[in-house]
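Basis for what follows: all heavy atoms, side chains included, without hydrogens, waters or symmetry-related copies.
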Amino acid sequence: MEINLTLPDGNVRAFEGPISAMDVVKSISNSLAKNAIVAKYNDDMIDLSTMLDKDGSFAVFTADSEEGMHTFWHSSAHIMAQAVKRLYPDTKFGIGPAIRDGFYYDFDSSHTFSQDDLEKIEAEMEKIVKEDYTFERKVLTREEALALFTEKGETYKVELIRDLPEDAVITTYQQGDFLDLCAGPHVPSTGKIKTFKLMNIAGAYWRGNEKNKMLQRLYATSFPKKQLLEDYLFRLEEAKKRDHKKIGKELELFMIAPEGPGFPFFLPKGMVLRNILEDYWRKIHVEAGYVEIKTPVILNEELWHRSGHWDHYKDNMYTTKIDDVDYGIKPMNCPGGMIVYKSKMHSYKDLPLRAGELGLVHRHEKSGQLNGLFRVRCFTQDDAHIFCLPTQIEDEIKGVMRLVDEVYSKFGFDYTIELSTRPEDSMGSDELWEMAEGALAKVLTDMGKEYELNEGDGAFYGPKIDFHIKDCLGRDWQCGTIQLDFQMPERFDLTYIGEDGEKHRPVMLHRVIFGSIERFIGIITEHFAGAFPAWLAPVQVKVLNITDNQAAYAEKVVADLQAAGFRAEIDLRNEKIGYKIREAQTQKVPYVLIVGDKEMADGKVAVRKRGQGDIGAIGYDEFAAMLAREVAEKSL
C-alpha cells in the first residue's frame, strides 16, 4: 500500500507502507539518519522504530532541537534508573522526566545515596551505554499493566496506572534487563547517549505532596558530544560565580533574614541600584505618556471575588481580617487599577489612558521554592494598565513593544517572544478570546516579530505576549508581558462615553517590562556578575590617597564628584595603595582614582578603569566630563 508523507518543507513523498520512521529518515539523508533522535507523525512524537501505515505529516528531530534533546534526556533518565536498579536492587521507582538542561529520577531505596555513589552509578551507566540496548515499546491493557507492576512491587507505578484515564494507552519501555512504565518516545538505543554527568542529590515528596513519603532525587545531564557537556559544566561554574545571592552579600545589596523568609531586605547600596531602576522607569514612562498611580496593598475580599482572583488564585494569596471583615493582601495590582479608572467618568477623548504603578504585591510561595530575589513572597511589579478603545488596541501594543525594545537594549539583552493562548481555567466567551488572540498575533506579524505559540498558557482573563530575555550565559528569563483583557472591564463594569453619547466598554492591556524589580535586580546582578555599568553602579568612583599628605586633596575630589551628582566614596585608611586598589576591584567599582603628590601638584587624578586597568593621569574636569557622558548614554 502506498502512503504519502508531507515533510516540513511542504514536499510530499510516497512510500510503500507500512514503513518505519527510521527508513523514511534514511530515504531523506543517511547523515540525518545517523543523527536522528525522534520523529513526529501527525502531531504525535514517535520512536524511530514506529511503523507508519497511513498518509500524514512527518518531521525528524536531532540533538539540535528542543524536541530531540527532551527525548535524549528522558532516555538518559531510563539508563540512570537501570544503573540504580543493578546496584541497589530493592529500589522502587517514582518518575524520571526530562527537565531544562537535563533530567532526574525519584527513587525509594533503603540505601541513602551519597556523592560517592554518583561515580558508581555513572560507571554502571557507561556499561549500559556500551551494551547498546534497544528501547523496546510494548502496549498493555490496564489489567496487564497493574498485574505486571504489582508483581514487581512497584507501588508508585501502580498508583500512576490507577490514576490514568480509562481510555489511556498504557505503554512500557524495556532496555536490556530494565523495564519501566513510560509513554515515550525514546532514542533508538542506549548507545546514543554518549556522555553524561550526575549532578546532585535532593529530597522530593512523592508527587510533590508533603504528606507523601520523601524520595531521593538524583539530578543529571547528558549530551551527544563530550564538548557539549564540558561547555555546559563551564556555564554552570560561571553561573555559580555570578550567583546573585553570593554577589548581593559581597556587595551589600540585599539580605534575607530568618525573621522574614522570602521577604528581602534592601541595604543602602541595593537601594541605590533599586532607585536608579525606578527613576529610569519613571522617566521613560512619562515620555511615553503614562501617569503614575499608587493603590493599597490590602483590599476587601469582595473585590477579589469580583476580579476573579479569589476563584483562580486564592491559594497564592495572603488574607487578614479588619473589624471582622475579610480582606485580601494583593497578589496583583490590576483590581486597584480598575477602582482608579472607575473613580470618574471617562470620555472617548480621554483614551488611551496609560496608568503605571510600581506596586508591592504579596504571593504565597512554598518555602522550598524560595530563591534569593528570583522567588520571593513580596515584590514590586512595574505594572501599567492601559484603557483604550477597540480601535486603539494595535497601536497601544506596538507602543509597549517599542518600550520593551528601548529598556532591554539598555542592559544589553536580546529577547525572544511567546504568544500564550487560552488556558483551561479561564473566563469569557470563545468569541472574545479569539478576537484577543488574533489582535496580539496580528501586531507581532505587522511588526515583523518572530514568536513561538505557547498554547494554553495565557492568563485566566486573557491571552498574552511574553518576552524572554537572554543573559550573557545564554539563560532565558521571562520578564516582560503584555496581556489583552476583555474580562476585567466587564466584571468591573468599566465604561466610557463614546462619540454617540452612549456608554461603551473599554479594552484593557496589562503590561510589565522589568516584571519584578527584585527579580530584575537578581537577573542583572548575575548578567553583569556584579560589575554594573557606571550608570547603574551603586558606587561609581572610589578615590584613594597614597599617603596622608593627599588626604585633603582626595576629600576635595570626592566632594566635587558628589556635588556633580556622581556616587563617589573615599578610602583614607592607612593601608598600602595596592591593598586599597585590590579591595576596590573586589567591590567592582567602575572607576578608581588614585591621588599622590604628583597628581595633587598637577590638579589631576590617576584613573584606573574596571576591566582596563591604569589609563593614566588626567585633569579632574576631563574625568568628570568622561564619566558624565558614559552615564548619560547609559553605556554598557
Worksheet item: Taking the side chain from His74 and the backbone from Gly96, do they hold a donor-acceptor pair closer than 3.5 Å?
Response: yes
Worksheet item: Side chains of Val595 and Met600: does their closest heavy-atom pair fall under 4.5 Å?
Response: no
Discussion item. For the aromatic rings, using the six-membered ring if either is Trp, is the centroid distance between Phe413 and His527 under 6.0 Å?
Written reply: yes
Item to complete: Answer yes if the side chains of His468 and Glu418 hold a donor-acceptor pair under 3.5 Å, and no otherwise.
Response: yes
Worksheet entry | Least distance between heavy atoms, Leu218 atom then Met80 atom | O-CE, 3.5 Å
Discussion item. Surrounding NZ of Lys410 (heavy atoms of other residues, nucleotides or ligands, distance under 6.0 Å), is the total greater than 12?
Written reply: yes
Fill in: Residue pairs fulfilling ring pair (Phe, Tyr, Trp, His ring centres under 6.0 Å) with at least one residue in residues 531-568, sequence neighbours excluded
Tyr280-Trp535, Phe411-Trp535
Worksheet item: Do you know which two heavy atoms are closest between Ala98 and Trp73, and how far apart they sit?
Response: CB-CB, 3.9 Å
Worksheet entry | Flag if over 12 foreign heavy atoms under 6.0 Å of CD, Glu119 | no
Worksheet entry | From Phe514, Tyr408, Phe374, Phe520, residue fulfilling ring pair (Phe, Tyr, Trp, His ring centres under 6.0 Å) relative to Trp477 | Phe374
Worksheet item: Is there a donor-acceptor contact under 3.5 Å from the side chain of Asp279 to the main chain of Ile276?
Response: no
Discussion item. Can you confirm whether Gln369 is buried at CD, in the sense that more than 12 heavy atoms of other residues, nucleotides or ligands lie under 6.0 Å from that atom?
Written reply: yes
Practice prompt. Grab the two heavy atoms, one from Asn545 and one from Leu572, that are nearest each other, plus how far apart they are.
Written response: OD1-CA, 3.4 Å
Worksheet entry | Main-chain N/O of Gly515 paired with Asp382 side-chain donor or acceptor, under 3.5 Å | yes
Worksheet entry | Nearest non-hydrogen partners of Val607 and Asp614, listed with the distance | O-OD1, 3.3 Å
Discussion item. So does Ala617 get a backbone contact from the side chain of Glu599, meaning a donor-acceptor N/O pair under 3.5 Å?
Written reply: no
Discussion item. Can you tell me if Lys634 has over 12 outside heavy atoms packed within less than 6.0 Å of its NZ?
Written reply: yes
Discussion item. Closer than 3.5 angstrom, by distance alone: can the side chain of Thr481 be matched with the main-chain N or O of Ile465 as a donor-acceptor pair?
Written reply: yes
Discussion item. Given 3.5 Å as the limit, does a donor-acceptor pair link the side chain of Arg354 with the main chain of Tyr290, or not?
Written reply: no
Fill in: Non-hydrogen atoms of Gln381 and Met332 that approach each other most closely
OE1-CA, 4.3 Å
Fill in: Ion pair check, Lys556 and Asp560, cut-off under 4.0 Å
yes
Worksheet item: With Glu583, which of Lys588, Lys576, Arg573 fulfils salt bridge (Lys or Arg N to Asp or Glu O under 4.0 Å)?
Response: Arg573
Worksheet, complete the sentence: Applied to residues 597-636, the ring pair (Phe, Tyr, Trp, His ring centres under 6.0 Å) test, sequence neighbours excluded, yields Tyr591-Phe623
Item to complete: Check whether more than 12 heavy atoms from other residues, nucleotides or ligands sit under 6.0 Å from atom NZ of Lys269, and answer yes or no.
Response: yes
Fill in: Which residues share a side chain to side chain donor-acceptor pair (under 3.5 Å) with Thr547, sequence neighbours left out
Gln550
Item to complete: Compute the ring centroids of Phe107 and Tyr105, then answer whether they are less than 6.0 Å apart.
Response: yes
Worksheet entry | Beyond-backbone contact of Leu403 with His285, side-chain heavy atoms, under 4.5 angstrom | yes
Worksheet item: More than 12 heavy atoms of other residues, nucleotides or ligands under 6.0 Å from CD of Gln478: is that the case?
Response: yes
Worksheet item: What are the two closest non-hydrogen atoms of Ala204 and Asp106, and how far apart are they?
Response: CB-OD1, 4.1 Å
Discussion item. Is any side-chain heavy atom of Val589 closer than 4.5 Å to one of Glu569?
Written reply: no
